[in-house]
Amino acid sequence: MIGDGGSLRHLPFFEEVAAHEEHQAEWRAAAAGLVTLRLVDAWIEGGPEVVAPESMGVTAVLKAIDAMDEGSTLPGLLRAIVQALQAAAPGEMREVFPRILAYGRGLEYEAKWFLALDVYDTVVAHAHPIEEHEAASAAHQRRGASFRTIGRHDDALAAYATASAIAEAAGDMIGVLRAKTGAANIAVARGDLPKADRAFESIAAEASRLGLGDQQAHALDSRAAVAGHRGEYERAVRFAYEALQVSSEAAERDRILNNIGTAFHLLGLRSAARDAFLVLSATAQEQYVRWTAMLSLMTLAAEDGSEVAFCQLRGGFHVAELPPEVKVDYFLHLGRAYRALEHDDLAGIAFAKAIELSEHYRLNRQLFEAERELRTPRPIIHTASMHHPQEDLTYVTDAIHAIRAHALVE
């Protein structure tokens, strides 16, 4: 199908299909997503008969979905789209949009951000900004998050601004706060930490006033991340743990726990940090969070002097497939790990690569971090023992250890 301006609709899906062989799970997943989105297009243009149970189109789509690996959540999300199309009144997209958005989110969890962007564009193209403001604002919000992840910050800011404008016009304060949070995260990525902290403080206060716990949690966790970037690690732990207490969303709680683990690590509380990262490496919903947890475990292994464990963890990464921010983090962690293992030449090469990639992707915060690491080596630690936790953080270390025990992570 040809879209506006003569461009091929769902080009990212066609490219994903072309990048794999038919026997590969990635090919089957992309093909199923593509035919489902084309069914949505056909339903919009052709009406309900397109999705009649006995129609060839529906039969082909369900066959493609059935061919997917059931270990993924994506088949169920695609089936839900087909079912929503069959249940919807002619031209009525209101019940279909949430299913399409859920599929886009599922693709984000699988680290398929270009595919997710195409899915969100489908919603943007058809959701009325007033009559269907929730879907329209959410689609732009997720576009912003996906653009930010792949390093396209100007596109992300534009998407967040549109999401905020739609939400504000509809009186949707949750949507407005989410968009403001997304825009503040761009300031973090670009290295303007004071601006970001002020923005997150304002968002947290407004969310608290409105009784919006999840939005308050997200802003508090973002303040924790900013505090960590500024070297204020105890403050980071307190902000993040406060966020954990008011958050109800599983994916958000994963990100909060990751920030707590990172702050513990930087404070020298390595046993508590390992508790957090082991939980995340086994249970985190998003691939992005699992990656960051595994990177931290790789560094901890090196600091413990376990080169075998370090090599095993390092071998689990396919660097070329990582998104920009994670790719830079990989080389930052690799440099720290090599330095802990006293491979100073390899550490320097890794930090130089992090600098090169940060400059290429305009990731200023990570660029500053990589330059600092290269310029100021830290003391090497080869003990597996845990530092005694400071008194005011003991309640947090105990809580994280209990989370690990509950998750049965060994």
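Note that this is a predicted model, so its numbers are computed, not measured.
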Taking the side chain as every heavy atom from C-beta outward, state whether [X] and [Y] have any pair of such atoms under 4.5 Å apart.
X	Y	answer
L11	D118	no
F277	T262	yes
Q216	L220	yes
V176	E206	no
I150	L117	yes
P194	R230	yes
W291	P323	yes
E356	H360	no

Quick test of your reading of the model: are [X] and [Y] salt-bridged, counting only N-O distances below 4.0 Å?
X	Y	result
E373	R339	yes
R94	E92	yes
R238	D221	no
R270	D275	no
K195	D192	no
R336	E369	yes

Measure the spacing between [atom1] of [X] and [atom2] of [Y] and express it to the nearest 0.5 Å.
X	Y	atom1	atom2	answer
L280	L257	CG	CG	4.0 Å
H20	E15	NE2	CD	11.5 Å
T162	R143	OG1	CZ	7.5 Å
I174	E134	CD1	CD	9.0 Å

- Item | D154/R190 under salt bridge (charged side-chain N to carboxylate O under 4.0 Å, His left out): CA gap, chis, key distance, verdict | CA-CA 11 Å; D154 291 339; R190 288 179 166 174; 2.5 Å; yes
- Aromatic ring proximity, centroids under 6.0 angstrom, F310 and Y338: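 Yes - the distance between ring centres of Y338 and F310 falls below the 6.0 Å cut-off.
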- Would you check if the distance from the ring center of Y330 to the ring center of F317 is below 6.0 Å?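 Yes, close enough.
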Verify, without hydrogens or angle tests, whether [X] (side chain) and [Y] (backbone) share a donor-acceptor contact under 3.5 angstrom.
X	Y	result
T292	V289	yes
S146	R142	yes
S281	L278	yes
R290	Q285	yes
N364	G191	no
S137	A163	yes
Q86	V51	yes
E303	A337	no

Testing the basics here: between [X] and [Y], what is the closest heavy-atom pair and its distance to 0.1 Å?
X	Y	value
F13	L34	CD2-N, 3.7 Å
T181	S222	CG2-OG, 4.3 Å
T397	A272	CG2-CB, 4.0 Å

- Task: Mark yes when over 12 heavy atoms from residues, nucleotides or ligands other than H128 sit less than 6.0 Å from its NE2; otherwise mark no.
- Result: yes
- Heavy-atom neighbours of R235 CZ exceed 12 at 6.0 Å: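 Enclosed.
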- Task: Walk me through it: do K327 and E321 pass the test salt bridge (charged side-chain N to carboxylate O under 4.0 Å, His left out)?
- Result: CA-CA 8 Å; K327 191 178 295 185; E321 299 176 5; over 6 Å; no
